[in-house]
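Every number for a ligand or one of its atoms is a count from 1 in the order of the listing.
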Amino acid sequence: MSNPLPVGATIGILGGGQLGRMLSVAAARLGLRAHVFEPGAGAPAGHVSEVVTTASYDDAQALTAFAKSVSVVTYEFENIPTAALDVIENIVPIRPGREALRISQDRLTEKTFLQDLGLQVAPFAGVSDRAGLDVALEQAGTPSILKTRRFGYDGKGQSRLMSPSDADTAFREMGGEAAVLEGFVNFTHEVSVIAARSENGDVACFDPGENVHRDGILHTTTVPARLSASQRTDAVLMAAKILNALDYVGVLGVELFVTPGGLIVNEIAPRVHNSGHWTQNGCAVDQFEQHIRAVAGWPLGDGSRYADVVMENLIGDDMHRVPQIAREKDAALHLYGKADIKPGRKMGHVNRIAR
Ligand code: AMP
């Protein structure tokens, strides 16, 4: 890959959901093109991308043709099958790199990686069978949360244990999947840092946002977050440490619990993140452009925050409020073009600027 990519070059994006869609729009703003690879038909990213390949992640022929048609490949989600990545990587670079994917695809590997970096994480222990859960309970105690090691998102694949007597039910709920038991963190609130690293190692972090979840799904992100100056610095340094350790190129989301004893890392996401959507209307260069700049070998842009913003996710029936939101002052609507409203489905978001 010759860097920086020239205007007119094509970026491959694995995944055609809303994140792929907003990445594609950001690429277009910089004069770049997007080729989206997505198994499902009618994907949100397909509406705004020059080329869409609709094929499965085990279709080596389609993956090969896709990889040959682009200058670099990035992705909107971390659970891409390893075999698909192998096919692509033989042809074209993948950014962020494989190490970030390997680590974030498995909660146990991720927690171990973060702990080895010297960052605070919840007490945790791997669980591979029912007896292992008893051992883990001795280490992590209760209350605690049992989470599948792989494929968890938006609070899915999780079960809470209030006492050791919940062990049987929790174990059953994992459906035989390998899991990790995490001690419950008594946090005051949740924040996240959206951070970017360029090919030459420059790091830029967006201002941390404060996140509120409803039914396990992100409901709002508010900037500025309630953090002291030193907590803010800690959050940014933690994100930079993770980026550098992974020799990362692109945008990464770091979710943190705020506790009186300091910041505890919940999880990392090697991609643009829902809690960074506020940047679209709070910064000159948003998380999507920052990611495209990084993977295209361009310099990072100015992500400093120029407004206070509250981002609200529009989920399922929230779509019925769109006509009213469309009339609001200082509200920027971002809809994903999804045809069917379903409970729990992310349909769009609104960024409200506070003046
Ligand atoms: P996750 O899928 O790991 O991001 O978890 C979803 C949500 O569950 C988090 O945003 C927290 O609100 C809550 N949660 C997850 N892990 C813990 C923990 N160890 N202690 C307390 N709350 C947690």
Checking the N or O distance criterion of under 3.5 Å, is ligand 1 in contact with F257? no

Sequence neighbours excluded, the answer for side chain to side chain contact (heavy atoms under 4.5 Å, CB included) partners of A125 is A136, Q139

Does a sphere of radius 6.0 Å around CZ in R33 hold more than 12 heavy atoms from other residues, nucleotides or ligands, not counting ones at 6.0 Å or beyond? no

Pairs where residues 183-210 contributes a residue and the test ring pair (Phe, Tyr, Trp, His ring centres under 6.0 Å) is met, not counting sequence neighbours: F187-F257

Residues D234, K241; criterion salt bridge (charged side-chain N to carboxylate O under 4.0 Å, His left out); working and verdict: CA-CA 10 Å; D234 282 351; K241 200 169 194 177; over 6 Å; no

Can you list the atoms of ligand 1 that are under 4.0 Å from a heavy atom of E255? 4 (O)

When you measure from the side chain of K338 to the backbone of P44, do you find a donor-acceptor pair of N or O atoms at a distance under 3.5 Å? no

Under-4.0 Å salt bridge between E99 and R102: yes

Could you list which atoms of ligand 1 come closer than 4.0 Å to a heavy atom of H213? 10 (O)

Run the numbers for me: atoms of ligand 1, each under 4.0 Å from some heavy atom of E182, listed by number. 16 (N), 18 (C), 19 (N)

Compute the shortest N/O to N/O distance between V185 and ligand 1 and return yes if it is under 3.5 Å, no if not. yes

Within ligand 1, which atoms have a heavy atom of E190 less than 4.0 Å away? 9 (C), 10 (O), 11 (C), 12 (O)

Test of understanding: given a 4.0 Å heavy-atom threshold, classify the contact between I145 and ligand 1 as side chain, backbone, both, or neither. side chain

In terms of side-chain heavy atoms, does T74 have a donor or acceptor partner in H291 at a distance below 3.5 Å? yes

May I ask whether G183 has any heavy atom positioned less than 4.0 angstrom from an atom of ligand 1? yes

If we number the atoms of ligand 1 from 1 as shown, the ones under 4.0 Å from a heavy atom of F187 are 12 (O), 21 (C), 22 (N)

Enumerated ligand 1 atoms positioned under 4.0 Å from heavy atoms of R107: 2 (O), 3 (O)

